[in-house]
Structures are given as structure tokens and as C-alpha cells.
Amino acid sequence: MHTPVLLQQAIENLNVKSGGKYIDAAYGEGGYSQEIIKQGGRVLGIDLDINQIKNQKSKIQNLNLIQGNFADIEKLAKKNNFFPADGVVFDLGLSMRQINESGRGFSYNKPNEPLDMRLSLDSELTALNLIKKLNENELYEIFAKNSEELKSREIAREVKRRKRIEIVYDLTSAIDRVLGFKSNSTYARIFQALRISVNDELENLKKGLEGAVRVIKKEGRIVVVSFHSLEDRIVKNFVRNTDLRFLKKKPIRGIRLFERSAKLRTIIK
Ligand SMILES: C[S@@+](CC[C@H](N)C(=O)[O-])C[C@H]1O[C@@H](n2cnc3c(N)ncnc32)[C@H](O)[C@@H]1O
């Protein structure tokens, strides 16, 4: 069974009204959308990954599901008659299905998968292309900025030194070589750093937030569930420079094991 992160808290904070229009900007496996619909809302579901859309096989009443980038949320909302909307929810990152079944090398636990890491298969830039295209210093900057891993310089050097970097195993073994031992937390940070860069995730979040504010009505809400301190910083800075406000000063944090790195913030227009 698919268990979305912070589901009850996200839906409660979205303040769903019967007949209201909501945009689930990162549809995933649809857990949030289903709950919004259960509470009487109508949903525009957006996902960048076409497989997430195709996997939603049964038709759901009051759900309009489309492939797209939430960076274009304003355009998508207008085109699909969800402008203005009562609320928008962004549950960032990846779903378990993408990690376990996509075959795109998102997880360090899948040694034989190619280093692809694209969310949108329309995009040409894979993690492998990125590693090949960048020089050691540029790769170091991605690791250092997006992962804050202390051994970023040495890992970038080792990755660029290797003749063969094609699959997940090649990257984890380069990390092992630098550290001298296996470290899941370093793998996780380096993989996440690459994925963020391949998919331009931080830029998409900034554009998504700007668009969402234009899309929602006065007093409408934007709920963001993030998994990375850089994402949370973007949300905080975004509100700081506007007339928007947070529902609560402190973020709600995940408690269960799989959601412990999650932070939920609610913005009110
Ligand atoms: C953590 S999952 C969402 C899970 C969802 N709340 C649920 O209940 O199943 C995040 C989803 O956001 C999608 N995504 C990531 N970046 C996106 C973007 N820029 N635009 C649209 N979807 C995006 C991913 O493909 C993934 O399916």
C-alpha cells in the first residue's frame, strides 16, 4: 500500500472546502488527491513523470490528471480551468514507485540501473550526461552545494578519474574508494545532489511557488512538503520577500521512519 508522507497534516492545512478547486502539483501516486476528493474538493493533478500519469489506470471522478512541470503551474491552471484555485499542494521529491520500479537509477540500492535520474523522459539530460559534461570543479560544486557532503571534492575527483561511470554501482564504488568504507548516508546525499541538478528541482520550486501565488484566491493556501534543507530555505525566503504569511511559524515534521526528513509549511495569501 502506498503511504503518502504527512497526508493528514497536508490535507488539514490545505483546508479543503466542498466544491473547491485544488491543484496537486506533484501528483505522484495520487494519495493526496484522493484525500482532497474524499473531502469534496475537485483536483487538477500534475506530474512531470509521464509514468505516474499512465499508472493511474482507473478514472477518478473530480480528478483532472495531466503531465506537466509545476514550474508552469499558472499556464496549466488557466488551460485546465483551475484558475483561480482555492489551494495548491507541493509534495516534493520522488514517490516510492519511482525509487523502486522506474529503473532510472534514483536509488543507491539498485546497483545495475543506469545513472539516468530524469523525472521527465522528454528531457535529454541524464545524470550520466551531466557527469560526463562537467569538469571536476563543476561536479564538485553540485555535490558541495546540493549535498553539503564534506568529501565532495574527493568524490568529484574520483568520479571524473574513472573511465567507466555508467551504472549506480560505478558511482557507489567511487564513493567507497574515497571514504574507505560503505556509507548509505553519503550515497543518499550524493545521489540526491545529482538528481536535484539533473531535474533543476530548486529552480522549478521557485517558479512553482511564484506561479502558485498568482493562481490561488485571496486567503488561499499553499502547502509544501519538502525533504531537503535547500528546498525549505527556498520556501522560507520566498515568503520573507512578500505579503504572504505562514499559518504556523515552525514547520510540521514527519515522525514515522520514512517521513523523518519531511517538513511541511503552509503559506496563506
Ligand atoms: C513525493 S511524490 C508525491 C506523492 C504524492 N503526494 C502521493 O500521495 O502519491 C513527488 C512527485 O512529484 C513529481 N514531480 C517532481 N518534480 C516535479 C515538477 N517540477 N513538476 C511536476 N511534478 C513533479 C515526481 O515525479 C513525483 O511523482
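For ligands, and for the atoms within them, numbers begin at 1 and follow the listed sequence.
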Paired with Asp86, the salt bridge (Lys or Arg N to Asp or Glu O under 4.0 Å) test is passed by just one of Arg221, Lys17, Arg42, namely Lys17
Leu92 heavy atom under 4.0 Å from ligand 1: yes
Ligand 1 versus Ala25: contacting region, heavy-atom distance under 4.0 Å: backbone
Just which atoms of ligand 1 are under 4.0 Å from any heavy atom in Gly31? 7 (C), 8 (O), 9 (O)
Ligand 1 atoms in contact with Gln52 (distance to a heavy atom under 4.0 Å): 26 (C), 27 (O)
Under 4.0 Å to a heavy atom of Gly93 - the qualifying atoms of ligand 1, by number: 10 (C), 11 (C), 12 (O), 15 (C), 24 (C), 26 (C)
If the cut-off is 4.0 Å to any non-hydrogen atom of Asp49, which atoms of ligand 1 fall inside it? 25 (O)
Check each atom of ligand 1 against the heavy atoms of Leu119 and keep those under 4.0 Å away; list them by number with element. 15 (C), 16 (N), 25 (O)
Numbering the atoms of ligand 1 from 1, which are under 4.0 Å from a heavy atom of Glu29? 7 (C), 9 (O)
Short N-O contact, Arg161 and Glu158, less than 4.0 angstrom: yes
Which is it for Leu94 and ligand 1 at heavy atoms under 4.0 Å: side chain, backbone, both or neither? backbone
Report yes or no: does Gly208 have a heavy atom closer than 4.0 Å to ligand 1? no
Would you check whether Gly68 reaches within less than 4.0 Å of ligand 1, judged by its heavy atoms? yes
Under 4.0 Å from a heavy atom of Pro4: which atoms of ligand 1 are those, numbered in the order shown and with their elements? 8 (O)
Please verify the inter-ring angle class for Tyr108 with Phe191; under 30° counts as parallel, over 60° as perpendicular, anything in between as tilted. perpendicular
